[in-house]
Student: 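Got a structure here, written out as structure tokens. Questions coming.
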Amino acid sequence: MTDRLAGKVAFITGAARGQGRAHALRMAGEGADILAVDLAAPLPPAVPYDSATPDDLDETAKLVEATGRRIRTAVADIRDPDALRTAVDDTVADWGRLDIIVANAGICIPETWDAITPGSFRDVMDINVTGTWNTVVAGAQHIIDAGRGGSIILISSAAGMKMQPFMVHYTASKHAITGMARALAAELGRHNIRVNSVHPGPVNTPMGTTDMAAAIAHAIATYPQLANMNTPFLSGWVSEPEDVADAVCWLASDESRYVTAAQIPVDQGITQY
Ligand SMILES: NC(=O)c1ccc[n+]([C@@H]2O[C@H](COP(=O)([O-])OP(=O)(O)OC[C@H]3O[C@@H](n4cnc5c(N)ncnc54)[C@H](O)[C@@H]3O)[C@@H](O)[C@H]2O)c1
């Protein structure tokens, strides 16, 4: 590791586990202090994989502390703008700055289009779209006020560049995030704030557990012709959270200082298949 983010502060949502934890550890390893936010409580009922817990968030805190960097944690729902604002305002009051936002928290519910209920559609859009928006709004003004510029990274998906059948709501939400990043990049560019979206393919996290695989297989069985839509070019089908964290850390660092409004796939090539 180097000190590519020395002295910077990063606000990361969904940081209790999975990719969010990997982003926190990677950035701390590069010298950043971390505000780690997570729901750490049961996810909406249609989500077919286990929820994160306060113990998971504590484990992220221990791992970051072991790198020698500071971490603050907050149990908050990204659907709650006031809770996010309090967590960020308190952090900036204590540490004096905010430089990086990683809007990573999200949910996925595999189901055929006609199995989607008003409730599951609303849950996916509320968390993935409105929650991502709330995350940006909670932090962006602090970065603007400091006048140093910064980097905002929105975690979309391969489903936000190509599409993924059997999750229309998820695909719609991740396309919304892609558009959100591009439009924000235009308006925040004059403050030297870069905004990019990252598009992972399948990643080895709790979101990708056997329960999730079973739910996807169940949906594919209704229309097997679509089964090969996520075929990768590379031999590996599933990346590790750290592979995505490398790309996110690069976007957070000055090494990408002229990269904005970009869609960065870390997807084994599946969006091009
Ligand atoms: N795992 C994959 O295969 C994959 C592929 C492409 C994109 N993604 C995206 O990557 C991001 C991270 O997913 P992951 O794979 O680490 O999944 P994960 O389920 O392991 O982690 C997501 C975290 O977000 C938190 N979260 C969910 N809803 C929240 C809310 N309302 N408020 C606050 N926190 C909330 C969860 O508690 C959990 O800790 C998500 O946006 C996901 O859509 C994942």
Side-chain angles (χ1 to χ4, degrees), residues 11-25 35-44 46-60 73-81 83-84 87 102-110 122-135 138 153-164 167 169-178 180-181 197-209 211-213 215-216 230 232 237-245 247-248 263-268 270-271:
F11 162 37
I12 305 169
T13 64
R17 67 181 191 186
Q19 294 175 60
R21 178 186 284 171
H23 302 329
L25 283 174
L35 168 60
V37 170
D38 204 286
L39 180 67
L43 295 168
V47 172
Y49 49 89
D50 289 343
S51 304
T53 65
D55 284 350
D56 293 324
L57 190 55
D58 288 348
E59 179 65 15
T60 297
T73 59
V75 172
D77 189 331
I78 60 170
R79 290 167 290 188
D80 180 348
L84 291 181
V102 185
N104 164 79
I107 61 167
C108 184
I109 303 173
R122 190 176 52 242
D123 286 338
V124 171
M125 299 307 273
D126 282 356
I127 293 176
N128 292 4
V129 183
T130 310
T132 295
W133 170 248
N134 292 339
T135 301
I153 300 135
L154 307 189
I155 305 303
S156 176
S157 167
M161 285 181 74
K162 185 183 176 181
M163 108 306 289
Q164 200 157 347
M167 44 184 84
H169 37 16
Y170 185 77
T171 292
S173 75
K174 293 301 188 178
H175 273 71
I177 289 172
T178 308
M180 195 188 299
S197 53
V198 171
H199 302 262
V203 189
N204 182 21
T205 69
M207 187 183 274
T209 56
D211 288 347
M212 182 72 163
I216 291 173
N230 280 335
W237 285 68
V238 180
S239 71
E240 294 300 322
E242 292 73 20
D243 297 309
V244 184
V248 169
Q263 295 88 55
I264 308 294
V266 185
D267 68 349
Q268 300 82 272
I270 64 173
T271 50

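Along the sequence shown, the residues carry numbers beginning at 1. Just so it is clear, the model here is predicted, and its values are computed rather than measured. Each ligand, and each atom within it, is numbered from 1 in the order the structure gives.
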Student: Does at least one non-hydrogen atom of Ile127 fall below 4.0 angstrom from an atom of ligand 1?
Tutor: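 Per 4.0 Å heavy-atom rule, Ile127 contacts ligand 1.
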
Student: Considering both backbone and side-chain atoms of Tyr49, is one of its nitrogen or oxygen atoms within less than 3.5 Å of a nitrogen or oxygen in ligand 1?
Tutor: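 There is no such contact.
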
Student: Assess whether atom CG of Asp243 is packed by more than 12 heavy atoms of other residues, nucleotides or ligands within 6.0 Å.
Tutor: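 Count over threshold, so yes.
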
Student: Can you figure out which of Arg21, Gln19, Gln164 has its heavy atom closest to atom 10 (O) of ligand 1?
Tutor: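 Comparing heavy atoms across Arg21, Gln19, Gln164, the nearest one to atom 10 (O) of ligand 1 lies in Gln19.
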
Student: Which protein heavy atom lies closest to atom 22 (C) of ligand 1, and at what distance to 0.1 Å?
Tutor: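 Its nearest protein heavy-atom neighbour is Gly106 O, 4.1 Å.
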
Student: Pick, from Leu57, Asp77, Leu39, the option with the minimum heavy-atom distance to atom 31 (N) of ligand 1.
Tutor: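 It is Asp77 whose heavy atom sits nearest to atom 31 (N) of ligand 1.
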
Student: Is there a nitrogen or oxygen of Leu43 sitting under 3.5 Å from a nitrogen or oxygen of ligand 1?
Tutor: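 No, there is no polar N/O contact under 3.5 Å.
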
Student: Considering only heavy atoms, which of Pro202, Gly201, Gly14 lies nearest to atom 5 (C) of ligand 1?
Tutor: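 Comparing heavy atoms across Pro202, Gly201, Gly14, the nearest one to atom 5 (C) of ligand 1 lies in Gly201.
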
Student: Heavy-atom contacts with Ala76 under 4.0 Å: which atoms of ligand 1 show up? List them by number with element.
Tutor: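 Close to Ala76: 32 (N), 33 (C).
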
Student: May I ask which of Val203, Asp50, Asn104, Asn128 has a heavy atom nearer to atom 11 (C) of ligand 1 than the others do?
Tutor: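 Comparing heavy atoms across Val203, Asp50, Asn104, Asn128, the nearest one to atom 11 (C) of ligand 1 lies in Asn104.
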
Student: Have a look at Met207, His23, His199 and point out the one with the heavy atom closest to atom 17 (O) of ligand 1.
Tutor: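 Ranked by closest heavy atom to atom 17 (O) of ligand 1, first place is Met207.
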
Student: For atom 35 (C) of ligand 1, state which one of Gly20, Ala83, Ser157, Ala105 supplies the nearest heavy atom.
Tutor: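 It is Ala105 that holds the nearest heavy atom.
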
